Asks: 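Pasting a structure below so you can have a look.
Since the structure is predicted, the reported quantities are computational estimates derived from the model, not experimental observations. A note on names: the letters A, B, ... follow the listed sequences, proteins ahead of strands, and every chain is numbered from 1. These values consider heavy atoms only, across backbone and side chains, with no hydrogens, waters or symmetry-generated copies.
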Protein chains: 4
Amino acid sequence: MKYSENSCSDINICYIGGGSQGWAWKLMSDLYLEESLSGTVRLYDIDSKSAETNAIIGNIISGYEEAKGHWTYKSVSTLEEGLSGADFVIISITPGTFKEMFSDVHTPEKYGIYQPVGDTTGPGGIFRALRTIPMYEEIANSIKRYAKDAWAINYTNPMSICVATLYAVFPEIKAFGCCHEVFGAQRLLLMALKEFEGIEETDRHNLNTNVLGINHFTWINEASYKTYDLMPIYDRLVKKYYKDGICDKITDVHFMSKNLVKFDLYRRYGIIAAAGDRHLAEFVPDYARDKKTIAQWGFNLTPVNWRIENKAMLAKLSREYANKEKKVPITASGEEGVRQIKALLGLKDIITNVNLPNHNQMDCDEGIVVETNALFTKNSVRPLTAGKLPDEVNLIMSVHMNNQKAILKAGLEKKKKLAFAAFLNDPLVKNISISNAKALFNEMFSNTRQYLTGFDSIPIR
Amino acid sequence: MKYSENSCSDINICYIGGGSQGWAWKLMSDLYLEESLSGTVRLYDIDSKSAETNAIIGNIISGYEEAKGHWTYKSVSTLEEGLSGADFVIISITPGTFKEMFSDVHTPEKYGIYQPVGDTTGPGGIFRALRTIPMYEEIANSIKRYAKDAWAINYTNPMSICVATLYAVFPEIKAFGCCHEVFGAQRLLLMALKEFEGIEETDRHNLNTNVLGINHFTWINEASYKTYDLMPIYDRLVKKYYKDGICDKITDVHFMSKNLVKFDLYRRYGIIAAAGDRHLAEFVPDYARDKKTIAQWGFNLTPVNWRIENKAMLAKLSREYANKEKKVPITASGEEGVRQIKALLGLKDIITNVNLPNHNQMDCDEGIVVETNALFTKNSVRPLTAGKLPDEVNLIMSVHMNNQKAILKAGLEKKKKLAFAAFLNDPLVKNISISNAKALFNEMFSNTRQYLTGFDSIPIR
Amino acid sequence: MKYSENSCSDINICYIGGGSQGWAWKLMSDLYLEESLSGTVRLYDIDSKSAETNAIIGNIISGYEEAKGHWTYKSVSTLEEGLSGADFVIISITPGTFKEMFSDVHTPEKYGIYQPVGDTTGPGGIFRALRTIPMYEEIANSIKRYAKDAWAINYTNPMSICVATLYAVFPEIKAFGCCHEVFGAQRLLLMALKEFEGIEETDRHNLNTNVLGINHFTWINEASYKTYDLMPIYDRLVKKYYKDGICDKITDVHFMSKNLVKFDLYRRYGIIAAAGDRHLAEFVPDYARDKKTIAQWGFNLTPVNWRIENKAMLAKLSREYANKEKKVPITASGEEGVRQIKALLGLKDIITNVNLPNHNQMDCDEGIVVETNALFTKNSVRPLTAGKLPDEVNLIMSVHMNNQKAILKAGLEKKKKLAFAAFLNDPLVKNISISNAKALFNEMFSNTRQYLTGFDSIPIR
Amino acid sequence: MKYSENSCSDINICYIGGGSQGWAWKLMSDLYLEESLSGTVRLYDIDSKSAETNAIIGNIISGYEEAKGHWTYKSVSTLEEGLSGADFVIISITPGTFKEMFSDVHTPEKYGIYQPVGDTTGPGGIFRALRTIPMYEEIANSIKRYAKDAWAINYTNPMSICVATLYAVFPEIKAFGCCHEVFGAQRLLLMALKEFEGIEETDRHNLNTNVLGINHFTWINEASYKTYDLMPIYDRLVKKYYKDGICDKITDVHFMSKNLVKFDLYRRYGIIAAAGDRHLAEFVPDYARDKKTIAQWGFNLTPVNWRIENKAMLAKLSREYANKEKKVPITASGEEGVRQIKALLGLKDIITNVNLPNHNQMDCDEGIVVETNALFTKNSVRPLTAGKLPDEVNLIMSVHMNNQKAILKAGLEKKKKLAFAAFLNDPLVKNISISNAKALFNEMFSNTRQYLTGFDSIPIR
Ligand SMILES: [Mg+2]
Ligand SMILES: [Mg+2]
Ligand SMILES: [Mg+2]
Ligand SMILES: [Mg+2]
């Protein structure tokens, strides 16, 4: 890497999961738009074909005349090759196949458990976690071996467990996790600012929001904009819209949400839930008790079949981009990755929300992966003390935090009984009978068996 | 109080709730049987009539020729009179009337929630706690004022909240809580010792058992008798009886239990649940999901109507005792109270299980009232470090511990929303819908309104 | 107070110790230079005369044509009058008189103990603390009563004890403490940046420095400027100057320091001590063992007689300013007070170092007043997690942190034996005999007796 | 091992340091006197000759007609041979030779530092710790490998560091440390009981004493005997004897102590220091400032030359015993080892003081090796919660606890600068100049060099 006071070149980024047709393209766009950075992106993927295609696409983009940032993209065939000499590592993988994802999301439905997303908590999140942990153990060991000083940015879900696994295996790792769910709540604050104060601010980075919680169950308990306290302004927003809701801008009907869950949580607890309703309803499943309840709260479930179809569409698009049949459209992704990289290089300090093992940033147990703000400066990510949630929210949060610890331990130490205890303790599993809970666990275990090496095969009885 | 090396006289005991027709008579029996102690018992009760009758009965007992311990019983009409100069305070009250108890136990049944006892946790335990807290605030303030150096022994439920309230109001209080539920598990160990080792030990005090947990959800994770490790012996007991169970000796069919819950919990977690099944099933309501499930697990619910009838029967008995129509039968109660008093006087050290705010005796948050062993010596109760529960049990325990804190705070600070948050967080409430939960909470609140001064009247919406 | 998006008017500031001829004038200058703020400053002082004079001077300054900020200054005669309606409270007092200060600094010299400043730690700091605590109890109670929502900024020493007392009396207070000692270390970093990288940066606010420790014994363990890591650059500075030192710019020879202590501490521990050498040598008195050692390390002691003379000079100047015999010179003070006020009003976010009770910002006991960075935004001061010091420094730091707790408790609860135990535990007292330590303590106690009400009079024997 | 209800046979004890001519003979006596135990003692020593001689002596003793316990003694030549199959491990070694011990005790005297014992704290204790740590790492690893379920009892000093090392290397070890210093304080309590209450109790086990602190700096803050509170009785003892003292029964003038330090500490802090004055004066070196002060406080320093001569005398005695020229005298040692073994076998529960890493038994940091009471039952050592020391004592204790952590880390991780930081932080080193401290450290390091492998050779400058 080469530094000047205001730019850096010869940067090496290793992208694990680099065959992705979503996040990888976003990164390419953001790098294209950023003039102070240049270097090489090495794409690693267990689907090597897709990594190769993405290398072609990346180099096409980088070659556009208008590109501000110039990067070379290459596909690599081993983690060693990708990581050796890396300055930054981006991790964004799909753990397992659609078959396991189908089990995560739809097998619980047979037992009356509905999960809009199914990748974070609940039965789906737990099984996804159990199969992701060994993958992240391998990644952490590889970073330790080949790129111990690199900064690692995780995008994979279940976020908390992924980040926790990295630190469990390699405690000195310089890793953090990023998620854009908080940004949606910040956009609601901008909307309220406009509607009630007439202020047309469009950049959510100009807000101050104190973020705290765990990924996808994150909260904002203080918010301001210049001399304005935003909390009473948000209160007015909720008062106006808690019945009809405000529809999110979405790319597909399966992601629909009217923010009614968010507004109801504000009415219950007096602070701002800062994740999409589809995620929130998995943590507080009062809102997802059955299909009728879900419909009342105005959000949709995302069927895995849609994901399969969408994936096929993206694969086609990918080929068209690579063959130059279509021009790759460039838009800023709205993600924080490139801003964070700049900050870590010393080019511009930022404060943004990240997922990290708790070391005092929140008033909760040490080591739980929490999401709070952190100050990013030259080679440093330093969390702000975010304080504590209201007692009422903490009662719910504690269950999820305790489960996080239990699932991590169950996955690392192959403790099936502990995994089941966490499963039983999950609020989504609370309203089925224990015999159904056992049957569901055993069925999901069997569906995911291939990725759960090391666990015994004896069903929970 | 007067001491010799091996006995004490002129002891002053204040009994709050001294009109009781259960615990008070047990105390009278135990004092009758104990030769090293003598003094005065002052009986205080808001039902002054019953305290007066008990004073008569106490003096009758004490006057029996065979009595080893000689005591004077008096009824007193104020806490000040009862407490001034007291060396020991016994607290055993019924908070509220049968009307509120009926609401505690039976109102939830309308919503499909079954509580065998309803005085500790769950909807019943929570409302009982909320109305007991102000009573215990008064008691704690009175002890602080009139008997600050006295030892206070609590028997009232909800045990944890009662003890926690005493310490919240008067942190220097020398109080602890006693419960006999653990003794039942110890008796099962004696039974196993006989059955599998042929050893006829009848005194549970000769066992070593490490007790830990919270009242009525208490566990034993180490047990020995002389050179015998009792854990594998208990394992054999469970293997033999987990299908048919072992019936507890009971005084009435409504207290029936076959220990099937206890044995199943052992099979799930590998340690001994040390409370009656009827209590355990309120903490792990998998076993009390519906009437059929309850029947399968072999325990009964206790209807409040039975308690009302039983109370009438005892009132009659009380009059007969006082009128000397019937002789008061004397049997050792099996409770620890008098042994504890002796130990605190320096007459015989003991180790026994007690309820105290956690100050390191368990691996859980400071201040939670936990039940563990403690060493009792002259003017000293010193808990043993009891360590920690298995992770699987801790997931369940944490919910109840967090609820304990929340309910205490809600009661002391009159925070209705926090009370409802704890209510919602209780496993017994988990499988009803949130709208039903609100309706149930509001109905129970209304039923108990008279005792819930200071809370606002706005229903939870 | 009135807000617009970019300015605030009608601000009320109460200045306790407003007769000051140092800090008060600095505030006047800084307010004069700041165009986005205006309002009223109420000056309260037990020396009401000096407050009145300062009101005259303040209004003269505010009336200058070139003034960017317009303020009205008034003297007030009670804390109630000063505090009622205040938005900000500045506290900067001299606890006691020069007589007690003389005892603080010079009595220990008779026993071979040398304190360059004598207001923070050591015998002088301890006695100053004991007499300041009741004054701060009064201030905290007054803020609680008259201005509970105001932000309070403390400048008085001993900083840690002053801030700790405010929070002990009124835990919800919005107070923090400010000190400029860290800025000196930051200026050394700017100097190194120029000398070794040729970069002419003059604004220390453009550095990133992670500050941690306690006031006047504060450290920087991470420092960067844009893409530059400053730690290796500071290393070069120390290597070059550790023998000859670098003289601070000073106003008087009694404040002389060559930074040799700072450089030696860097060589010992590998991180940057961020306070003046005269303060540091009181915490690590290896450097102040005797007069010869002090001379070798290149710093001076400040005799109280100099302070008395200086005070007389300032009093004269004050009269000349008030009489308009001399024009008041205006220069930016370099202090953070007005920047902090602006940030708290939402006008411009800053990160700066402040003294606050530890609530996770440092890896040390809860409640210890520590100095770390905090983010200031609209009505919010949120510390960053500063992490922990090297083990070697922690051994020294722990002694001072434990003493801080002990002195606070001794002062609040009038525990003389505990005060003496802290005195004995202070490294400055370690190399005299215990009989001398007792004699010194008793002598200083007697000298300060007038301000130490509530303590018993029995000498430590 | 074979159990019956009331005895155990075929017990295997491995004695590391089994060539000892003090502790080993005490064990032989105690086993001879105990009828419920029998088995084999394997003696391991790096001086294999002395182990062999002790095996002969042990078998002679065991063969005496009057012997109640029958044991076979064998010498073994490797740890593997000694540990394989062991039920108990006794560790009592001399780390290094008299040469290093001479440096520990006498080199500091050249710099004006006097240590009566020199094996626990201070310069001597620190260097002894640094060279003992690698030996204990080897022992811990061997126990982990060959006897992981055995109970290990440590007698070696520095006790805290030895026990801490065992747990650092093998966290699941079942080890504790034993020391008889507390017993001396208990004997003073018996003496007071006789003198002021006329009660002739001779067995200190009948007292209740709450022990807390660290080894050789241990305290008793509660004490009772039957119905008697012993604290006011001890107060009377101190009032009577604090001037003239009470001479300990001693075997040699070099161990003389009048308990004046103990009585003075009681007068300072109101609780009972429970270790010999010679140890206490190393922790609170006010009492050992110089030779005159030491003489005033009535205790003696123990020169290493005396130890060398004594060792020669014991070697001669050893040969005479082995050759049957002299009969081995049998007396109960007064140590707790055999009682503890019996308790761990389930033969008789006891409560006694032991050294263990803190896991809640004291109010201090987790992991510090502390000395408190513990309940010994069948295969279980369970500490009692001992609470906290008075604030005044805690100020001193904290320094030693922090040093314990630092020395352990320095020894395990070969951190010389940290070792020196702990050295500087030791109160015994506080009143010499830093340049002398450096010189002393470097000299002692050089003297002990042979045992300090892994540390760099660069002197502290
Ligand atoms: Mg996400
Ligand atoms: Mg009970
Ligand atoms: Mg300062
Ligand atoms: Mg010892």
Side-chain angles (χ1 to χ4, degrees), chain A residues 1-9 36 193 197-199 201 205-212 221-231 342-349 351 356 358-364 366 370 372-388, chain C residues 1-9 36 193 197-199 201 205-212 221-231 342-349 351 356 358-364 366 370 372-388:
Chain A
M1 205 158 29
K2 290 187 199 142
Y3 285 100
S4 79
E5 203 174 314
N6 297 309
S7 68
C8 290
S9 56
S36 66
L193 194 57
E197 295 288 344
I199 294 172
E201 172 66 55
H205 297 108
N206 291 330
L207 304 175
N208 288 305
T209 52
N210 186 53
V211 172
L212 73 175
N221 64 353
E222 276 184 24
S224 64
Y225 172 73
K226 295 190 178 170
T227 59
Y228 296 90
D229 182 353
L230 293 177
M231 295 305 283
K342 280 183 65 180
L344 290 171
L345 292 168
L347 294 169
K348 182 160 182 21
D349 303 345
I351 289 173
L356 278 171
N358 187 42
H359 184 60
N360 289 336
Q361 61 265 45
M362 247 187 88
D363 289 7
C364 66
E366 169 89 9
V370 294
T372 69
N373 285 330
L375 172 67
F376 282 63
T377 58
K378 163 78 186 172
N379 201 24
S380 165
V381 174
R382 189 165 288 288
L384 280 83
T385 55
K388 65 175 176 182
Chain C
M1 205 156 33
K2 289 186 199 144
Y3 285 100
S4 78
E5 202 174 315
N6 298 309
S7 69
C8 290
S9 57
S36 65
L193 193 57
E197 297 287 344
I199 294 173
E201 171 66 57
H205 298 108
N206 291 329
L207 304 175
N208 289 304
T209 52
N210 186 53
V211 172
L212 74 176
N221 65 353
E222 276 184 24
S224 64
Y225 172 74
K226 296 189 178 170
T227 59
Y228 297 89
D229 181 354
L230 293 177
M231 295 305 284
K342 278 182 65 181
L344 291 171
L345 292 168
L347 294 169
K348 182 164 183 19
D349 302 346
I351 290 173
L356 278 172
N358 187 43
H359 184 61
N360 289 336
Q361 61 264 47
M362 246 186 89
D363 289 6
C364 67
E366 168 90 9
V370 294
T372 69
N373 285 330
L375 172 67
F376 283 63
T377 58
K378 164 78 185 172
N379 201 25
S380 167
V381 175
R382 188 166 290 287
L384 280 83
T385 55
K388 65 176 176 180

Asks: With no hydrogens and no angle check, is any side-chain donor or acceptor of A:T385 less than 3.5 Å from a backbone partner on C:P383?
Replies: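 Side chain of A:T385 to backbone of C:P383, a donor-acceptor pair under 3.5 Å: yes, one is there.
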Asks: Out of A:T227, A:N210, A:N373, A:N208, which one racks up the most heavy-atom pairs below 4.5 Å with chain C?
Replies: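 Ranked by contacts with chain C, first place is A:T227.
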Asks: Does A:S4 reach the main-chain N or O of A:N6 with its side chain, forming a donor-acceptor pair under 3.5 Å?
Replies: yes
Asks: Between C:L344, C:N379, C:D349, C:I351, which shows the greatest number of heavy-atom pairs under 4.5 Å with chain A?
Replies: C:D349
Asks: Will you find, in the side chains of A:D363 and C:H359, an N or O donor that is under 3.5 Å from an N or O acceptor?
Replies: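 Judged by distance alone, the side chains do pair up.
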Asks: Answer yes when C:E222 and A:R382 have at least one side-chain N-carboxylate O distance shorter than 4.0 Å, and no when they do not.
Replies: yes
Asks: Let me know if C:I199 has heavy atoms under 4.5 Å from chain A in its side chain, its backbone, both or neither.
Replies: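 C:I199 touches chain A through side-chain heavy atoms alone.
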